[in-house]
J.: 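Below is one structure. I have some questions about it.
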Amino acid sequence: MLIQDNTSSLIVMSNDVSPQVLSLGADVLPEYKLQTPRINKFTILHYSPFKAVWDWLILLLVIYTAIFTPYSAAFLLNDIEEQKRRACGYSCNPLNVVDLIVDIMFIIDILINFRTTYVNQNEEVVSDPAKIAIHYFKGWFLIDMVAAIPFDLLIFGSGSDETTTLIGLLKTARLLRLVRVARKLDRYSEYGAAVLMLLMCIFALIAHWLACIWYAIGNVERPYLIHKISWLDALGDQIKKPYNYSDPSSGPSIKDKYVTALYFTFSSLTSVGFGNVSPNTNSEKIFSICVMLIGSLMYASIFGNVSAIIQRLYSGTARYHMQMLRVKEFIRFHQIPNPLRQRLEEYFQHAWTYTNGIDMNMVCY
């Protein structure tokens, strides 16, 4: 009787609900997607396939910017070999060509945003070019404009090291686009595995940024030290590549310096430092204190959420075992014979596989 009632309710539910859901009618799709807005010839719908592909392309460029812009500003601007390639022009340094392409793509993205529709507070698609421009000016235009300034073009022809360093620091304004990316990534917060990977990537990215700052502090401070005790001097002595102040190209390679800086920031953020790379000057010690504070906050926020994410990933399995235990208790209490008991357990497993433990009546009604 139990099987017959549940099966019949399941059939009624599927007959009543499935066609409505699968047809994606007016009750399922957002209202603005059911509209047929009158748009101009060069206006782009914000939910069009072209806009989706373009947003993913811009996302990849922003990720590239977040990784290589701090690295270039800290490690490459004052490097002797890099300065020679920069003096040669774009043909000698592929990274400069890539940065120019990124700047051009960001400028094109600004033009596209001026022609992309949006949804207003009344859930209506706005396609009027003037209203789109005003909405964009009030929103993300300033951030996008600052991030799209081609500072690389200003480097060429400027022989001053101070100007080169200043422009390199201004290039970090591209990182402002990460604010927009962070807002778009909220839509994936319901996927536990995606959030876990995102948190780990954020942790690695912050460690990368701090490694660039850690190197910049040592590189700026090292020429002015009376006693050569900076972490860069210690690294040079450790790997048998000491600094010779009469030779600007001496000392550890960029690869050695970056890997060591990244190792220090990871070990400091995770509070498992081994002491083989340690701060020696006051500036390095102050920065290390800041890294430890940041690491404690990140450790509490990121890794504290890992347990909750993993628990959410296995919550379905826990609910299945709990419901199965209730079925077995019901069978044991009513002393149901073996043939019917087997049918009940098989029905429960089949129903769980079909609905994943979701009460369709509560969802649909």
Side-chain angles (χ1 to χ4, degrees), residues 1-35 47 49 52 56 119 123 181-204 269-272 295-365:
M1 187 67 180
L2 177 63
I3 298 176
Q4 183 178 1
D5 293 341
N6 289 334
T7 306
S8 60
S9 62
L10 186 63
I11 294 174
V12 172
M13 177 198 66
S14 62
N15 290 335
D16 293 340
V17 178
S18 297
Q20 180 183 359
V21 176
L22 295 178
S23 63
L24 297 178
D27 296 334
V28 179
L29 285 175
E31 183 178 354
Y32 66 84
K33 287 191 176 182
L34 298 174
Q35 302 173 358
Y47 54 87
W56 277 106
V119 181
E123 296 294 328
V181 174
R183 293 194 60 180
K184 291 183 179 180
L185 292 177
D186 288 341
R187 68 186 69 177
Y188 302 104
S189 59
E190 60 181 300
Y191 304 104
V195 173
L196 185 60
M197 289 298 299
L198 180 62
L199 292 177
M200 297 302 296
C201 292
I202 291 175
F203 185 85
L269 289 174
T270 55
S271 302
V272 291
S296 62
L297 295 175
M298 292 179 60
Y299 201 88
S301 60
I302 294 179
F303 292 99
N305 291 327
V306 171
S307 59
I309 293 171
I310 295 177
Q311 183 179 2
R312 187 170 59 184
L313 290 175
Y314 289 97
S315 61
T317 304
R319 287 190 295 110
Y320 169 79
H321 289 294
M322 184 179 296
Q323 294 294 337
M324 192 66 181
L325 181 61
R326 291 178 180 177
V327 172
K328 291 182 178 179
E329 290 291 338
F330 175 83
I331 293 172
R332 187 180 300 110
F333 179 79
H334 292 281
Q335 298 181 353
I336 298 176
N338 288 334
L340 184 57
R341 182 183 70 177
Q342 185 178 0
R343 292 180 61 191
L344 281 173
E345 292 178 356
E346 290 178 355
Y347 169 76
F348 172 76
Q349 294 174 359
H350 172 74
W352 188 276
T353 303
Y354 186 79
T355 63
N356 200 21
I358 301 174
D359 189 352
M360 293 296 183
N361 293 323
M362 295 181 61
V363 173
C364 300
Y365 299 104

J.: When rounded to the nearest 0.5 angstrom, what distance separates CG in Leu344 from NE2 in His334?
T.: 10.5 Å
J.: Verify the ring-centre separation between Tyr320 and Phe348: is it less than 6.0 angstrom?
T.: yes
J.: Could you tell me whether Arg332 and Glu329 have a side-chain N and a carboxylate O separated by less than 4.0 Å?
T.: yes
J.: I need the Ile336 CD1 to Gln342 CD distance, nearest 0.5 Å.
T.: 13.0 Å
J.: What heavy-atom pair brings Thr270 and Tyr299 nearest, and what distance separates the two atoms?
T.: O-CE1, 4.5 Å
J.: What residues, two or more places apart in sequence or in another chain, satisfy side-chain contact (heavy atoms from CB on, under 4.5 Å) together with Ile202?
T.: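 side-chain contact (heavy atoms from CB on, under 4.5 Å) check on Ile202 returns Leu198, Ile206.
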J.: Could you work out, with side-chain contact (heavy atoms from CB on, under 4.5 Å) as the rule, every residue matching Glu345, not counting sequence neighbours?
T.: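 Applying side-chain contact (heavy atoms from CB on, under 4.5 Å) to Glu345 gives Met324, Lys328, Ile331, Arg341.
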